[in-house]
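Just the heavy atoms: all of them, side chains too, but no hydrogens, waters or symmetry mates, feed the values below.
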Amino acid sequence: QVQLVEFGGGLVQPGGSLRLSCAVSGSIFSIAAANWYRQAPGKQRQFVAGISSGGNVNYVDSVKGRFTVSKDNAKNLVFLQMNSLKPEDTAVYYCYAAIVASSGAVPRAYWGQGTQVTVSS
């Protein structure tokens, strides 16, 4: 059983920073890809940032230059460093990972439970 747990959310003032972490546990051979999504009240879930197994990253335009996605393969951790936060970044942030359970296995998708990020003065 694979579990993803996000932590690091909270309340921050505009212009501030937060670092979200996603801990992946369970039967894991490798993390094929990991993404961060967010969902604001009344809106659809939105892709924010992603990182491939090879370390290639991509971001939604609205966070480019402010957010950085990274991972620690040895510890099965995925991070989202968020700087220069704006009120419009307020949302529940979700971690997604495509997990390979054993060598040669097809990746399976898993989601975390989400962590609230509120940007407000």
Side-chain angles (χ1 to χ4, degrees):
Q1 185 73 14
V2 174
Q3 286 189 323
L4 275 61
V5 178
E6 304 97 332
F7 50 97
L11 173 64
V12 63
Q13 292 186 342
S17 298
L18 282 176
R19 188 194 198 201
L20 303 184
S21 300
C22 174
V24 184
S25 63
S27 178
I28 303 165
F29 177 76
S30 66
I31 300 175
N35 299 335
W36 289 94
Y37 291 79
R38 64 186 179 188
Q39 188 166 17
K43 295 188 177 181
Q44 290 188 334
R45 192 170 295 189
Q46 172 194 36
F47 170 84
V48 176
I51 185 166
S52 71
S53 58
N56 293 320
V57 298
N58 61 317
Y59 302 93
V60 67
D61 285 347
S62 60
V63 307
K64 285 181 179 178
R66 300 189 298 122
F67 290 12
T68 303
V69 60
S70 61
K71 60 190 174 86
D72 183 329
N73 289 322
K75 297 181 179 179
N76 291 326
L77 290 168
V78 184
F79 306 103
L80 185 66
Q81 178 67 43
M82 304 185 295
N83 299 329
S84 302
L85 282 161
K86 305 175 181 180
E88 51 264 43
D89 294 317
T90 295
V92 177
Y93 283 71
Y94 297 90
C95 178
Y96 162 96
I99 303 297
V100 179
S102 60
S103 178
V106 175
R108 290 187 61 184
Y110 295 88
W111 289 88
Q113 82 290 349
T115 185
Q116 177 70 46
V117 171
T118 302
V119 185
S120 175
S121 55

OG of Ser17 to CZ of Arg66, rounded to nearest 0.5 Å, is 10.0 Å
Of all heavy-atom pairs linking Ala40 and Ala91, the shortest is N-CB, 3.8 Å
*Run the numbers on Phe67 and Leu80 for side chain to side chain contact (heavy atoms under 4.5 Å, CB included), then give the verdict.*
CA-CA 7 Å; Phe67 290 12; Leu80 185 66; 4.2 Å; yes
**Asked** In terms of hydrophobic clusters joined by side-chain contacts under 4.5 Å, are Val63 and Val119 together?
**Response** yes
Checklist entry - Are more than 12 heavy atoms from other residues, nucleotides or ligands located less than 6.0 Å from atom CD of Gln3? => result no
Residues Leu85 and Leu18: closest non-hydrogen pair is CD1-N, 3.8 Å
side-chain hydrogen bond (donor to acceptor under 3.5 Å, both in side chains) filter on Asn58, not counting sequence neighbours, yields none
Looking only at heavy atoms, the pair that brings Glu6 and Gly114 closest together is OE1-N, 2.9 Å
**Request:** Return yes when atom CD of Glu88 has more than 12 non-hydrogen atoms of other residues, nucleotides or ligands closer than 6.0 Å, and no otherwise.
**Result:** yes
In terms of hydrophobic clusters joined by side-chain contacts under 4.5 Å, are Val60 and Val57 together?
yes
Between Gly50 and Val69, the two heavy atoms sitting closest are O-CG1, 3.5 Å
All heavy atoms of Asn35 vs all of Ile51, minimum pair found to be OD1-N, 4.0 Å
Side-chain heavy atoms nearer than 4.5 Å, only ILVMFWY residues, links allowed to pass through others: does that put Tyr37 and Leu20 together?
no
Query raised in the report: Applying the 4.5 Å side-chain criterion to the ILVMFWY set and letting contacts propagate, would Val2 and Val5 be lumped into a single cluster?
Result: no
Residues 92-103 side chain polar contacts: donor-acceptor under 3.5 Å, at least two apart:
residue	atom	partner	partner atom	Å
Tyr93	OH	Arg38	NH1	2.9
Tyr93	OH	Asp89	O	2.6

When rounded to the nearest 0.5 Å, the distance separating CD of Gln116 from OG1 of Thr90 is 7.0 Å
Walk me through whether Ser120 and Leu11 qualify under side chain to side chain contact (heavy atoms under 4.5 Å, CB included).
CA-CA 7 Å; Ser120 175; Leu11 173 64; 4.2 Å; yes
From the list Asn73, Val78, Leu77, side-chain contact (heavy atoms from CB on, under 4.5 Å) with Lys75 holds only for Leu77
Problem - Evaluation steps, side chain to side chain contact (heavy atoms under 4.5 Å, CB included), between Met82 and Trp36 - result: CA-CA 12 Å; Met82 304 185 295; Trp36 289 94; over 6 Å; no
